[in-house]
Amino acid sequence: MYRTVPQLDSVISLLATWFPQLCTRTRLPETSVEGRPVFALRLRAGEEGDRRGVLFVGGTHARELMNPDALVELAVDLVVSRLKGTDVVYGGRTWTAQEVGLVLESLDLWFVPCSNPDGRNRVLTIDNMWRKNLRDNPGTSCDGVDLNRNADLLWGVTEGQTSCSPCSDVFVGSGAFSEPETRNVKYLLDTRNIHSFVDVHSFSELVLYPWGHAHSQTSDPAQRFTSLPTGTCAPIGVPGHREYITPQDLLRFTTVGQRVVDAIAAVRGRTYTPQTGRALYATTGVQSDYAYSRHIADPALHKTYGFTLETGPPVGTVEDSFHPPDPTLVKRDAKAGLLALAQQSVCAFDLIGLRLLGRRTEVDALRRVREEVLASTEAGREWIALIERVELPVASLLFTDEQLAGRAAELIERAGRRFEGETSVVSDEDVDLGRALLDELAERAGAEDARVRTDLEAVGAALEQARKMPSAEVLRQLTSRGPL
């Protein structure tokens, strides 16, 4: 029913051996507490180069048996789609071979199917409700550390479902990243360009995003975890603390979370709920929040959007909820959610910059405009939301039409240069080229989605208004007035 640790390792080993053009198997730096190796699989197609990565981690909690199986099966499904040119179909939700190709040629998909092999082995052989790893905790007869309380985000702050007691199922360990299994995950975050992180758990049918230790707010940047003490073995000591998140990042989390939920619902009608971790219960030291927190704690690091997917509903018994007698349908839901999340990580601008321009200069300039200028106002964030709505259907067109992609690359190059210099003026040629491309995109992408057509027409109208306007004034107008 459920794969053993060697069987999971065998699947990714065979994928890497048989299909090296798509799959690379990497042994992570540290073995588990009991000395078992831990492996990652990278899945990608097309040319080499620096790409956004998506990291899927399973098996953090040992008794949640179905998620490691779902991850290796998702990898197999994507490889088969790429090799045979077939669609990926999960119940009522279909990803065309073209859509799968766009994901694989745009992203590096990283799979760590079983991050806690010792715990999984114990569940399959001795104790089917074991949760932690198998750390021998000195001075006590109780073993194990909760790997999802061991990350360096308010580690040792016993808010909610977190404990400094070695006998607790939510024991934080002896220090942040005290465990080799969590250090392996940190290694991937440290060494790879991970844009989106998903820790796959069970159960409750939830899509969780930051924050888990406190309720979120978008108005007071002074309320940050960086000002709170850690390792206290006590709850957060600031009454009423509400953790700050930027409005743009909150929009990103809620938008992606809803798209994951929609994809899962299309499979067979299951209703997952997108919400903050804190809405479930308070936690500290969790991996998905840590992944997102890194760029706040150290601004030199890039941003990673961290999610937790809680697969499956509660059923008759707790044991059956964690590892159902037949997990086939729950795994199918999970695979749809994970593929949808990967799809939402595709960036049309990156696709053009890397594949056609061979550089990031202009793309990075436009990204700075988005993050530093548009994200600063409500109107600007409306433009960002519009761009994210049209990005995937536009990227799909550009992926299959080289002539169209070449025209888009020229416009990105022009726009990047314009916004690099505040004295630069938008020329008639800029506008005419842009309008022509937008009209064609609206006609082709908008034929299947009226909202996409409307959004692209709004971009075209804004571009027309920018004719002969200094770039600084263009930005001022975009941040003061949203799409019409």
Side-chain angles (χ1 to χ4, degrees), residues 47 49-52 105-106 193 195 248 299-300 302-303 346-377 379-399 401-442 445 455-484:
E47 299 177 0
D50 185 27
R51 302 180 179 184
R52 287 183 172 191
E105 291 203 27
S106 303
N193 180 25
H195 174 269
Q248 175 55 27
H302 67 265
K303 185 187 299 182
V346 172
C347 175
F349 296 121
D350 275 357
L351 183 68
I352 293 167
L354 292 175
R355 291 186 62 184
L356 297 177
L357 298 178
R359 60 182 184 271
R360 291 185 177 276
T361 309
E362 293 83 0
V363 172
D364 286 345
L366 295 176
R367 183 169 287 118
R368 285 192 295 273
V369 168
R370 182 185 67 187
E371 298 293 335
E372 298 173 12
V373 181
L374 295 182
S376 66
T377 70
R381 292 191 291 273
E382 290 176 10
W383 282 108
I384 293 174
L386 181 153
I387 292 166
E388 292 185 345
R389 285 196 299 271
V390 304
E391 192 166 28
L392 193 58
V394 166
S396 297
L397 280 178
L398 302 181
F399 179 67
D401 189 326
E402 290 189 7
Q403 188 271 339
L404 200 65
R407 291 165 59 192
E410 180 184 357
L411 284 173
I412 285 178
E413 191 172 17
R414 284 172 172 266
R417 289 200 305 265
R418 293 289 178 266
F419 288 121
E420 276 287 275
E422 292 188 359
T423 59
S424 194
V425 174
V426 179
S427 69
D428 287 331
E429 186 177 22
D430 293 335
V431 174
D432 292 340
L433 290 171
R435 290 298 303 270
L437 177 64
L438 288 166
D439 287 347
E440 184 168 350
L441 290 173
D455 285 341
L456 290 170
E457 288 173 348
V459 176
L463 182 58
E464 183 62 47
Q465 292 177 351
R467 191 184 294 271
K468 296 182 178 179
M469 187 180 293
S471 58
E473 177 61 19
V474 173
L475 293 179
R476 191 194 68 77
Q477 291 202 12
L478 291 176
T479 53
S480 60
R481 185 175 64 244
L484 298 177

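All residue numbers refer to positions in the sequence shown, counting from 1.
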Residues in salt bridge (Lys or Arg N to Asp or Glu O under 4.0 Å) contact with [X], at least two apart in sequence or another chain:
X: Arg414; value: Glu410, Glu429, Asp430
X: Asp432; value: Arg467
X: Glu372; value: none
X: Glu388; value: Arg252

Worked verdict on Glu391 versus Cys347 for side-chain contact (heavy atoms from CB on, under 4.5 Å): CA-CA 7 Å; Glu391 192 166 28; Cys347 175; 3.4 Å; yes
Might you point out which heavy atoms bring [X] and [Y] nearest each other, and give the distance in Å?
X: Leu386; Y: Ala458; answer: CD1-CB, 4.2 Å
X: Trp383; Y: Ala462; answer: CH2-CB, 3.6 Å
X: Val346; Y: Ala395; answer: CG1-CB, 4.4 Å

With sequence neighbours excluded, residues passing side chain to side chain donor-acceptor pair (under 3.5 Å) with [X]:
X: Arg389; result: Asp455
X: Glu382; result: none
X: Asp401; result: Arg444
X: Glu105; result: Arg82

Roughly how far, to the nearest 0.5 Å, is [atom2] of [Y] from [atom1] of [X]?
X: Ser376; Y: Leu475; atom1: OG; atom2: CG; result: 9.5 Å
X: Arg51; Y: Asn193; atom1: CZ; atom2: CG; result: 11.5 Å
X: Leu366; Y: Thr361; atom1: CG; atom2: OG1; result: 11.0 Å
X: Glu362; Y: Arg418; atom1: CD; atom2: CZ; result: 11.5 Å

According to side chain to side chain contact (heavy atoms under 4.5 Å, CB included), who are the partners of [X], at least two apart in sequence or on a separate chain?
X: Leu437; value: Leu404, Arg407, Ala408, Leu411, Leu441
X: Leu463; value: Val431, Arg435, Leu438
X: Thr377; value: Ala379, Thr479
X: Arg481; value: Gln465, Gln477, Leu484

